[in-house]
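As the structure lists them, so they are numbered: ligands from 1, and atoms in each ligand from 1.
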Amino acid sequence: MAMERTAIIAGNWKMNLGPKEASSFALEILPSLGQITAKDPHIMSILCPPAISLPAIKEVLDSLPVRHVELGAQNMYFEEKGAFTGEIAPGMVKELCNFVILGHSERRTIFGETNELVNKKVLAAFKHALVPIVCVGENREQYENGETQNLIKDQIRQSLANLTTEQAAQVVIAYEPIWAIGSGQASDAHAAGNVIHYIRHQYHEMYGQKAADAVRILYGGSVNAENIAEFIAHPDIDGALVGGVSIKHDFIELLRNASKFNA
Ligand code: PGA
């Protein structure tokens, strides 16, 4: 990735590790993760556990001598409060963390989230000084039909509409081809880099040079401790959103290699 942008290695735990398990896993991995990021100012790590486990991990983080790992939520609603059973408000997320994943493909496909809804959530995140990690990506059929660019263009233009240029510069985007998620078959870095280059081009048209230079664009989909090297070394790719490996001890090795091969 380009050195002027701090790389991000984010772990999306999905619906794994409740408070008890999260707490013991955090105790095992956080000191090592913190050591790596403490030594390398060009990389940051963000853990995104289930919302119910956030306090347990925050407690572990707060007990460590130096806090070098960030926390993020996996989702939230855009309303401030009220009769939205089962939802979490942006202000509640902000009490515990600074980042929030929005529009993950599992939210889009299983829970029917649209670009319009994701956009409302993005705007609500900024209202509460949360940095959104906005996910986009095509499914296998769209990929095979050569529809990737058109789909990504709509997702970016609609999910990230109506931002100020300052907000646009802070956004983190995760390009995650759905066919690569959890499949063990990552995209190759060159192909992912091309899509990410295209995303940056769209962003440039929407928000200008400064925001396009600043926006961090990650790759996600079967990233592991070995293949992270080629993704992070690619000049257009600013890090990774990691699912499966982020709930394993291998995540430490993955972050170590990301720091080592960050070009
Ligand atoms: P994976 O998931 O690393 O298990 O493929 C990535 C994601 O869904 O964010």
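- Distances from ligand 1 to the non-hydrogen atoms of G220 include no value under 4.0 Å.
- Of all the atoms in ligand 1, the ones that sit under 4.0 Å from a non-hydrogen atom of G221 are 5 (O).
- In the displayed structure, E28 atom CD is contacted under 6.0 Å by more than 12 heavy atoms of other residues, nucleotides or ligands.
- When the heavy atoms of S183, G243, G182 are ranked by distance to atom 5 (O) of ligand 1, first place goes to G182.
- Closest protein heavy atom to atom 9 (O) of ligand 1: E176 OE2, 2.7 Å.
- By the criterion of a heavy-atom distance under 4.0 Å, the side chain of N12, and not its backbone, is placed next to ligand 1.
- Of the possible donor and acceptor atoms, one in the side chain of N227 sits under 3.5 Å from a partner among the backbone N and O of N224.
- With a 6.0 Å radius and a threshold of 12 heavy atoms from other residues, nucleotides or ligands, K94 has its NZ atom above the threshold.
- Between H249 and F25, the ring planes lie perpendicular to each other; the angle is over 60°, past the 30° to 60° tilted range.
- The atoms of ligand 1 that sit less than 4.0 Å from any heavy atom of K14 are 2 (O), 7 (C), 8 (O).
- Counting protein heavy atoms only, atom 4 (O) of ligand 1 is closest to G244 N, 2.8 Å.
- Interface atoms of ligand 1 facing L241, defined by a heavy-atom separation under 4.0 Å, are 9 (O).
- Atom CD of E59 has 12 or fewer heavy atoms from other residues, nucleotides or ligands within 6.0 Å.
- Judged purely by atom type and a 3.5 angstrom limit, K14 has no side-chain atom pairing as donor or acceptor with the backbone of G243.
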